[in-house]
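We name chains A, B, ... by the order of the sequence lines, and we start the count at 1 in each one.
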Protein chains: 2
Amino acid sequence: MASTPRRRQESRPSLSRARVLEGAVRVADERGVTAVSMRKVAEELGVEAMSLYHHVANKDEVLDGIVDLVFAEIELPRDEPDWRAAMRRRASSAREALLRHPWALGLMDSRRTPGPATLTHHDWMIGRLRQAGFSLSRTARAVSTLDGYVYGFVLQESSLPFRTPEELEGVATAMVDAFPAGGYPHLTEMIRAHALSQGYAYAEEFAPGLDLILDGLETLRNAPC
Amino acid sequence: MASTPRRRQESRPSLSRARVLEGAVRVADERGVTAVSMRKVAEELGVEAMSLYHHVANKDEVLDGIVDLVFAEIELPRDEPDWRAAMRRRASSAREALLRHPWALGLMDSRRTPGPATLTHHDWMIGRLRQAGFSLSRTARAVSTLDGYVYGFVLQESSLPFRTPEELEGVATAMVDAFPAGGYPHLTEMIRAHALSQGYAYAEEFAPGLDLILDGLETLRNAPC
DNA sequence: ACCTGAACACCGTTCAAGT
DNA sequence: ACCTGAACACCGTTCAAGT
């Protein structure tokens, strides 16, 4: 009787919640969130879909779990005396993690059960700002402004219709050519005179916008109540 | 022979791309994006799933289309002399539209084909800032900072684990109680001393954070190159 | 205890057939 | 021209059966 080879049992560690989530992240990275099905994650792990249910309750828990894994990748500097430098490092690490896993932002609006890494992240943000002298309510404002900027910036960045400098010229030219005559004059100018002539530089907008916010927060920090 | 009643043909206008998209928005609003299937949208319209394919190419076009419909709901003030006031009105209108349709943010990271309302929106942003005296490259920075803030703020707002002031107390208390002893001390303080004592006020953080950014942009606008 | 085959109620999409 | 039934290759999840 010819049985299928038992590749997994011989070459891989047994299943666990962590391995299920890692497999799901790999599927999402390689084929997009829409490809994250219990069957595909199982296949990635060399196992049957039904086996996953021994380690996670359902697909929702998988989605919560992979968002938390992305948060776990964000650096939270512990030894940075300057609060603005600490926030800059956290923000650029967050941007990198979210660009590595752009599906995470798409999941965030539907996730309502923060995992341990997410909670640790929020705790660090609040703690570091408190330590810098922000009052509780000013800390709340600072967190929402900073996180808002980071998430929103990456969301725009990952919805740009091109991924590499090489793609930019082709896509931008084709897009402008497809505009109805006289439609979107300002957008056309921006694409022609700025984006196309200066090359692909969207990423370079991240730091200046962030500094603008940090400067505003520094003023807030020192303002009399 | 008992045929099923032809409700649609008698009581409803015939199908069109616009009606398909409106149906999809209704399904997404009422039952979440995950419920937006060709079959459910068709059911919402009193029609069979296969009929939709005469008006849209595939489900991807439906998703592109409903994101564009959300952009179409955002007010773009045409008669506001003060650029900051114009940006404030646009931003709060955008926040409202995105809160009405929170699934739109979740779709944005995977949409790469902007529709006419999205293009009109970007064209307005660029045009209004240019008119206020921003250079092309400063306009690019202003747009990415402002849109980033708005999208990110609403993304945080819609991933809060509560929807109403009533829910806040129960959810926040339960969450803090579930924390491991000594874990997340700063987050606990924030929830206990700020969020719970001052009531549900996250929405009130939107305008101050936005003003902080607008002030920074005003400085940028006037700075020597 | 952990894994899985079969089953059920769903998906998106094609295609040939109806009107 | 527009609509649809049947079909195909997928989904998430349950449950009973295997080891």
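Listed by chain and residue number, Y184(A), D68(B) satisfy the side-chain contact (heavy atoms from CB on, under 4.5 Å) test with P116(B) (two or more places apart in sequence, or in another chain). For the side-chain hydrogen bond (donor to acceptor under 3.5 Å, both in side chains) test, no residue two or more places apart in sequence or in another chain qualifies with R31(A).
Sorted by residue number, the list of members of residues 102-111 of chain A with any non-hydrogen atom under 4.0 Å from DNA chain C is empty.
In this structure, L52(B) places its CG atom 12 Å from C1' of dT4(D), rounding to the nearest Å. In this structure, R19(B) places its CZ atom 14 Å from C1' of dC3(D), rounding to the nearest Å. In this entry the distance linking NE2 of H54(B) with C1' of dC15(C) reads 11 Å, nearest Å. Regarding N58(A), its CG atom lies at a distance of 8 Å from the P atom of dT14(D), rounded to whole Å. What separates CE of M50(A) from C1' of dG12(D) is a distance of 9 Å, to the nearest Å. Taking atom CD of E48(A) as the reference point, atom P of dC2(C) lies 18 Å away to the nearest angstrom.
Looking only at distances, no side-chain donor or acceptor of K40(B) sits under 3.5 Å from a matching main-chain atom of A24(B). A donor-acceptor pair under 3.5 Å is formed between the side chain of Y149(A) and the backbone N or O of F206(A). Side-chain atoms of D109(B) do not come within 3.5 Å of backbone N or O of L155(A) as any donor-acceptor pair.
A close approach under 4.0 Å does occur between a side-chain nitrogen or oxygen of S51(B) and OP1 or OP2 of dT4(D). Distances shorter than 4.0 Å separate some side-chain N or O of H55(B) from OP1 or OP2 on dC3(D).
Consecutive Watson-Crick or G-U pairing (both distances under 3.5 Å) extending over three or more pairs maps onto DNA chain C as C:4-8 with D:12-16, C:12-16 with D:4-8.
Considering all non-hydrogen atoms of both residues, S144(A) and Y202(B) come closest at CB-OH, 3.1 Å.
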One pair to check against salt bridge (charged side-chain N to carboxylate O under 4.0 Å, His left out): R89(B) and E75(B). What are the steps and the verdict? CA-CA 7 Å; R89(B) 279 170 59 190; E75(B) 183 203 4; 2.6 Å; yes

Test salt bridge (charged side-chain N to carboxylate O under 4.0 Å, His left out) on R90(A) and D147(A) and set out the steps. CA-CA 10 Å; R90(A) 191 289 308 198; D147(A) 270 348; 2.7 Å; yes

If you look only at distance, which donor and acceptor atoms sit under 3.5 Å apart when one is on a side chain in residues 47-57 of chain A and the other is two or more places apart or in another chain?
residue	atom	partner	partner atom	Å
S51(A)	OG	E48(A)	O	3.3
H55(A)	NE2	L15(A)	O	3.4

Protein N or O to nucleotides 8-11 of chain D N or O, pairs below 3.5 Å:
residue	atom	partner	partner atom	Å
dC11(D)	OP1	K40(A)	NZ	2.6
dC11(D)	N4	R39(A)	NH2	3.4

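To the nearest 0.5 Å, the span separating NE2 on H122(A) from CG on L187(B) amounts to 8.0 Å.
With no hydrogens or angles considered, no side-chain donor-acceptor pair links H194(B) and E189(B) at under 3.5 Å.
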